[in-house]
Amino acid sequence: MSTGLKLSYEIIQLNLKDTWTIARDSIKFKQNVIVRLEKDDVVGYGEAAPNTRYGETAESSIEIIEKAVSMFKECDPWNYFDIGFKIQQLDCQQTAAKAALDIALFDWITKSLGLPLYRYFGLDKTKTPVSTFSIGIDTPDMIRKKVKKADRFPLLKIKLGTNNDEEIIHAVRSVTDKPLRIDANEGWDNKELALDKINWLITQGVELIEQPMPADMLEETFWLRERVDIPIFADESVKTCSDIPKLVGVFDGINIKLMKAGGLQEALRMIWSAKMFGMKIMLGCMVESSVAISAAANISPLVDFADLDGNMIISDDPFDGAYLNKGNIVLNDLPGIGVTERELKHTSR
Ligand code: MG
């Protein structure tokens, strides 16, 4: 009965407002892949934000996306669990590409039904958590400037994990007293050093520590968690649902990202699992356009913490969709994930 979906894709370049530096690297722009799934004049949008940390590039994402062309051509789009499992089987690693396909599929399905994605999942858009705004690693002068510029955001995520940690926090604290969450991006590879850093950070009004140690140093992270009185969250230590059981007792919570999970279906499985294990849930992002951010924002009413600022740190987002207003995640009432292409919007006026 079904004639399937037409799959196409393009690489987009997203330029950062400021050079983006974290413990492991520094970038000025990002190349992501936009996926379109079309049928019956309905276009579903998806996005891959490949991350070199996980062995991904725009090109490696496209290799996986191309493998899915014939599968989508022959599929019945309404059998989305079946398609979801087929997407998962395309490759065991390249999760950003899989996320693009899964997001586009759900955008197409919910647009076809005329429903916003959050309504389809039975969620209340007024229950979105407040998102942090991230401050990348920089010189004290630049940190002060960036923190002042982020004045309208009530919660900041500060990137640490280099030799300048104390200098950065002093710079932040010289201009604001708002609550801080810390992301060390695996930057502290010695447990005693991590313990000292965290104990000092607690005195600086920090409320949460994300991925203090390298992803596979779970014994050391367990040692650390036994000795500090602050929630510790996993990010690089958790990609998909199968990673969660081994983290129970080691971390208080997990940072779920659509790009690591491989899409919305796996992210939902992760949310149910984390809740079952009594772990807190943060929903995070990579550097992404409004396509991937909006997809994540649609499921954010299910989580405790959010870090969905990826589209706020780029200067040339080709899409409009969910965004942050004083840290509040704002979802619109458009069907699907709620995005419009900027050029399309202009020509239709
Ligand atoms: Mg992180």
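We use all heavy atoms of the structure for the numbers below, so side chains are in, but hydrogens, waters and symmetry mates are not. The structure presented is a predicted model; accordingly, all values stated were derived computationally and were not measured. Just follow the structure's listing: the first ligand is 1, and inside any ligand the first atom is 1.
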(request) Before accepting this row, confirm whether a basic side-chain N of the pair E288/K30 lies closer than 4.0 Å to the acidic partner's carboxylate O. (result) no

(request) Flag the pair E166 and K197 as a salt bridge only when some basic side-chain nitrogen lies within less than 4.0 angstrom of an acidic carboxylate oxygen. (result) no

(request) Please tell me if the side chains of K280 and F233 come closer than 4.5 Å, counting only heavy atoms from C-beta onward. (result) yes

(request) Starting at CZ of F153, measure out to OG of S134 and round the result to the nearest 0.5 Å. (result) 10.0 Å

(request) Could you name each residue pair satisfying salt bridge (charged side-chain N to carboxylate O under 4.0 Å, His left out) that touches residues 236-250, not counting sequence neighbours? (result) R24-E236, D243-K246

(request) Would you please test F121 and F106 for ring-ring contact (aromatic ring centres under 6.0 Å, His included) and show each step? (result) CA-CA 11 Å; F121 285 148; F106 274 91; 5.7 Å; yes

(request) Report the protein N/O/S neighbours of the Mg ion (ligand 1) that fall below 2.8 Å; do not count waters. (result) D183 OD2, E210 OE2, D235 OD2

